[in-house]
Amino acid sequence: MGLFEILCGITALIFAVYYFFTSTYDFWTSRGVRGPRPIPGFGNLRDVILTNISAGNYVTDLYNNYKDEPLIGLFARRTPILVVKDLDLIKDVLIKDFSKFADRGLSTYERAEPLSLHLFSLESKRWRPLRMRLSPVFTSGKLREMLSLISECADHLVQYMEKVVSKDDLIECRELTAKYTTDVIGSCAFGIDMNALSNEDSEFRKIGRKIFNPSWTHMLRIRIREVFPWFYNMLGYILPQTEFTKFFVRVITENIDYREANNITRNDFVDTLRELKKHPDKLGNIELTDSLLASQAFVFYIAGFETSSTTISHALYELALNQNIQDKLREEIDEAYARHGGDLIHDNIKQMIYLDKVFKETLRKYPPGIFLMRQSTSSYTFNGTRVSIPEKQRIWIPVYAIHQDPNIYPKPDVFDPERFNDEAVQSRHPMCYLPFGDGPRNCIGARFAIYQSKVGLVKMLRNYKVETCEKTLIPYISNPRAFVLSPKGGIYLKMIKINQA
C-alpha cells in the first residue's frame with residue numbers, strides 16, 4: 001500500500017470520527033431551540049468533563065445567559081439534552097404529563113454494575129411496582145416509630161462531639177455529620193449498629209467514603225460507561241465487581257437470611273426487602289434477584305447518609321456565618337425543651353417553625369441535586385410552543401439555577417430563612433423550590449431525610465455554638481468533582497460547648 005493510500009485512509013478515518021461526533025449537532029437548530037455551540041467530542045460540557053467548573057455552576061451560567069428562553073438545547077458529547085426553564089413547562093414534565101416523562105434516562109448495567117438496579121435509575125416498568133412496595137417504609141407513622149432511634153443516634157453524636165471539642169481541634173463538619181447519618185441509616189433501615197461515630201474503622205463509613213471519593217480506577221469505569229455504554233456492559237463479564245458491590249450484596253443477603261433463620265421482625269427497610277423476596281409475585285413479571293434487592297438498600301444508604309450529612313453541614317456553615325440566625329434558632333430549640341423536657345418527639349420537631357425555615361433555606365441555597373433528570377417515553381410537544389421532541393429525549397430541570405434566580409429569590413446569595421414564611425411561599429410558583437423533586441417520582445425518602453437532619457441539628461445546636469475559623473471556606477466554592485453539591489476542601493468550623501442551665 002502506497003503513501004497516498006495510507007493518507008487517504010487516515011483522512012477518511014478522521015472525517016468518519018468527526019462526522020460521528022457532530023452528526024447530531026443540528027438537532028436543536030432544526031427544532032428552533034436556542035443553545036450554545038457544541039465542541040466535537042465534548043458537546044457543551046467540556047469544562048464540566050474536565051472538572052474546571054461544577055455542573056451546577058455551568059447550568060446556572062447557561063440559565064442566566066439564555067434568561068428569556070423557556071427551553072435551552074445543549075449536548076452531552078453528542079447526545080442532545082433539553083434544559084427546561086419555564087416553570088409551567090416544568091410542572092407539565094413533573095406532574096401534569098408525568099406519564100410521558102416517567103423515566104429518568106439513566107442506564108442500568110446488570111453485569112458491570114449490579115447495584116445500578118435501584119429505584120432512582122430504573123425505567124418506569126420496574127420502578128412503579130417497586131416504588132409502590134417500598135413506599136410504606138417512609139410513611140409518617142413509620143417515621144414516628146423511628147424517631148426514638150434517630151434521637152438516640154443524635155445523642156451519640158453529641159457525646160462524640162464532646163470528645164472532639166475537648167481536643168480543641170477544628171471540626172470538619174461533613175465527615176462528622178456523615179458518621180451520624182451513617183449510624184441513623186444503619187439503625188433505622190437495616191437494624192445494624194454501624195458504629196461510624198464510635199469506631200474510626202467502621203466498615204460502612206469506609207465504604208461511604210469510597211463511593212463519594214472514587215479512586216482513579218473507578219473514575220475510569222465511569223468514563224468508559226459514559227462514552228461507550230454498550231461496550232461497558234459487555235465488559236461486565238470480565239470486570240471485577242467493585243468493593244462496595246460485593247459488600248452490599250453480602251450484607252443484605254446475610255441480614256435477610258439471619259432474620260429468617262432466627263424469626264426476627266423489625267418492620268424496617270430490610271424486612272420490606274425480605275417480604276419481597278418471599279413473595280416476588282407482588283412485583284408482577286419482574287425478576288427478583290439478589291442484585292435487585294441489594295440495589296434498593298444501596299441507594300437508600302448512599303442517598304440517606306450523603307445528602308442529609310451535606311445538608312446539615314451547609315446549615316451549620318450558614319449559622320456560623322449568621323450568628324443572629326443561630327441565636328434565634330437556638331432560642332426556639334431551648335423553648336421547645338423547656339416546654340417538653342428532653343422528650344423530643346415527632347410533633348415537637350414539627351412545631352419548630354423557625355427550624356423549618358432554616359432547613360428549607362439551606363436546601364434552597366444548597367440543593368444536593370443540582371438538576372432533575374427525566375426522559376420522554378413518547379414523542380411530545382411542549383404546551384404553548386412549537387418545540388417537539390422524540391421518544392427517549394433527555395430532559396434536565398435546573399434546580400440549582402432556579403434556586404439562585406434573583407427574580408425568584410432576591411439577593412440569592414443571602415441566607416434568609418424568612419423567604420419561607422407562609423406569605424412568601426404563597427407568592428411563588430410551586431416549581432420554584434425543588435430540593436426533593438416533585439410529582440410521582442419525587443424523593444421517596446424525603447420525610448426521613450428531613451427528620452434525621454432536623455434532629456441532628458437540634459441536638460447539636462442545643463449543646464454547641466458554631467463559629468467560623470481560619471480554615472472556613474469563605475466565600476463558598478463548589479467542588480467540581482463531587483456527585484452532589486458540596487464544598488471544595490470541606491466545611492471546617494469551630495464548636496464551643498454551651499453550659500446548660
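One is the number of the first residue; the rest follow in order along the sequence. As a basis for the values below, the full set of heavy atoms in this structure was taken, side chains included, without hydrogen atoms, waters or symmetry mates.
No side-chain heavy atom of Ser309 sits less than 4.5 Å from a side-chain heavy atom of Glu175. By the 4.5 Å heavy-atom criterion applied to side chains, Ile49 and Arg77 are counted as neighbours. Within the 4.5 Å cutoff, no side-chain heavy atoms of Phe420 are placed close to those of Val358. When side chains are defined from C-beta on, Ser116 does not count as touching Ser121, because their heavy atoms never get closer than 4.5 Å. Residues His156 and Asp183 fail the side-chain proximity criterion, which asks for heavy atoms closer than 4.5 Å. Side-chain contact between Asp416 and Tyr409 is absent, with no heavy atoms from C-beta onward closer than 4.5 Å. Residues Ile491 and Thr472 form no side-chain contact, since every pair of their non-hydrogen atoms from C-beta on lies 4.5 Å or further apart.
Here the closest heavy-atom approach between residue Pro398 and residue Val84 is recorded as CD-O, 3.1 Å. Residues Arg126 and Thr108 share a closest heavy-atom pair of NH2-OG1, 3.6 Å. In this structure, Trp127 and Pro440 approach most closely via the heavy-atom pair CZ2-O, 3.5 Å. Taking each heavy atom of Leu329 and Leu319 in turn, the nearest pair found is CD2-CD1, 4.1 Å.
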Report the C-alpha distance between Asp268 and Arg259 in whole Å, list the side-chain angles of each, state the deciding distance to 0.1 Å, and finish with yes or no for salt bridge (Lys or Arg N to Asp or Glu O under 4.0 Å).
-> CA-CA 12 Å; Asp268 58 7; Arg259 292 188 188 191; 2.7 Å; yes

>> Walk me through whether Asn421 and Lys357 qualify under side chain to side chain contact (heavy atoms under 4.5 Å, CB included).
In response: CA-CA 7 Å; Asn421 63 49; Lys357 292 177 183 178; 4.0 Å; yes

Report task. Test Leu473 against Tyr492 for side chain to side chain contact (heavy atoms under 4.5 Å, CB included), laying out the working first. Result -> CA-CA 7 Å; Leu473 188 67; Tyr492 285 89; over 6 Å; no

For this session: Given side chain to side chain contact (heavy atoms under 4.5 Å, CB included), test Val399 with Ile370 step by step and report yes or no.
Result: CA-CA 5 Å; Val399 174; Ile370 52 176; over 6 Å; no

Note to self: If you apply the rule side chain to side chain contact (heavy atoms under 4.5 Å, CB included), what do you find for Glu123 with Arg104, and how did you get there?
What the structure shows: CA-CA 7 Å; Glu123 79 292 342; Arg104 279 207 171 93; over 6 Å; no

Inset, instruction - Step by step, work out the salt bridge (Lys or Arg N to Asp or Glu O under 4.0 Å) result for Lys465 and Glu467. - result: CA-CA 7 Å; Lys465 181 178 182 179; Glu467 295 181 349; 3.8 Å; yes

Derivation of the side chain to side chain donor-acceptor pair (under 3.5 Å) call for Gln452 and Ser308: CA-CA 8 Å; Gln452 75 164 338; Ser308 292; 2.9 Å; yes

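Atom CD1 of Ile252 sits about 11.0 Å away from atom CG of Asp257, to the nearest 0.5 Å. In this structure, Asn324 CG and Gln326 CD are separated by 9.5 Å, a value rounded to the nearest 0.5 Å. A distance of 9.5 Å separates SG of Cys188 from CD of Glu152, quoted to the nearest 0.5 Å. Rounded to the nearest 0.5 Å, atoms NZ (Lys494) and CD1 (Ile171) are 11.0 Å apart.
Between the side chains of Asp47 and Tyr58, no donor-acceptor pair is found at a separation under 3.5 Å. For the residue pair Thr177 / Ser313, a side-chain donor-acceptor distance below 3.5 Å is found, with atom types taken as modelled. Under 3.5 Å, the side chains of Thr60 and Asn57 contain no donor-acceptor pair of N or O atoms.
For Asp290, the salt bridge (Lys or Arg N to Asp or Glu O under 4.0 Å) criterion is met by Lys277, not counting sequence neighbours. Under the side-chain contact (heavy atoms from CB on, under 4.5 Å) criterion, Lys497 pairs with Glu162, Asn463, Tyr464, Asn499, sequence neighbours left out. The salt bridge (Lys or Arg N to Asp or Glu O under 4.0 Å) check on Lys328 picks up Glu418, with sequence neighbours excluded. By the side chain to side chain donor-acceptor pair (under 3.5 Å) test, Lys91 is found to be paired with no residue, residues two or more places apart in sequence or in another chain being considered. When the side-chain contact (heavy atoms from CB on, under 4.5 Å) test is applied to Asp356, the partners found at least two apart in sequence or on another chain are Lys360, Lys454. Remark: Thr265 engages Asn267, Asp271, Arg274 in a side-chain contact (heavy atoms from CB on, under 4.5 Å) (not counting sequence neighbours). The ring-ring contact (aromatic ring centres under 6.0 Å, His included) search around Phe300 returns Phe138, Phe269, Phe448, not counting sequence neighbours. Residues passing the ring-ring contact (aromatic ring centres under 6.0 Å, His included) test with Phe415: none are found, sequence neighbours excluded. Residues passing the ring-ring contact (aromatic ring centres under 6.0 Å, His included) test with Phe371 are Trp396, sequence neighbours excluded. Looking at residues two or more places apart in sequence or on another chain, you find no ring-ring contact (aromatic ring centres under 6.0 Å, His included) involving Phe359. Partners of Arg128 according to the side-chain contact (heavy atoms from CB on, under 4.5 Å) rule, which considers only residues two or more places apart in sequence or in another chain, are Phe98, Ala102, Ser124.
Lys459 has a carboxylate O that lies under 4.0 Å from a charged side-chain N of Asp155, or vice versa, which qualifies the two as a salt bridge. With respect to the salt-bridge test (charged N to carboxylate O, under 4.0 angstrom), the residues Arg174 and Glu306 qualify.
Ring-plane geometry between Tyr476 and Tyr366 is classed as tilted, the angle between the planes lying from 30 to 60 degrees on a 0 to 90 degree scale.
A donor-acceptor contact shorter than 3.5 Å links the side chain of His403 to the backbone of Arg364. In this structure, Lys85 contributes its side chain and Tyr63 its backbone to a donor-acceptor pair below 3.5 Å. In this structure, the side chain of Thr181 engages the main chain of Ala178 through a donor-acceptor pair within 3.5 Å.
Atom CG of Asn52 sits in a crowded spot, with more than 12 heavy atoms from other residues, nucleotides or ligands closer than 6.0 Å. At most 12 heavy atoms of other shown residues, nucleotides or ligands fall within 6.0 angstrom of atom CZ in Arg46. Within a 6.0 Å radius of CD in Glu423, other residues, nucleotides and ligands contribute 12 heavy atoms or fewer.
Listed by first then second residue, pairs satisfying salt bridge (charged side-chain N to carboxylate O under 4.0 Å, His left out) with a partner in residues 48-58 number zero, not counting sequence neighbours.
A distance of 6.0 Å or more separates the ring centres of Tyr180 and Tyr160.
None of Thr311, Thr307, Leu485 except one satisfies the side chain to side chain contact (heavy atoms under 4.5 Å, CB included) rule with Pro367; the exception is Leu485. For the side chain to side chain contact (heavy atoms under 4.5 Å, CB included) test with Met373, the passing option among Leu106, Ile397, Asp103 is Leu106; the others fail.
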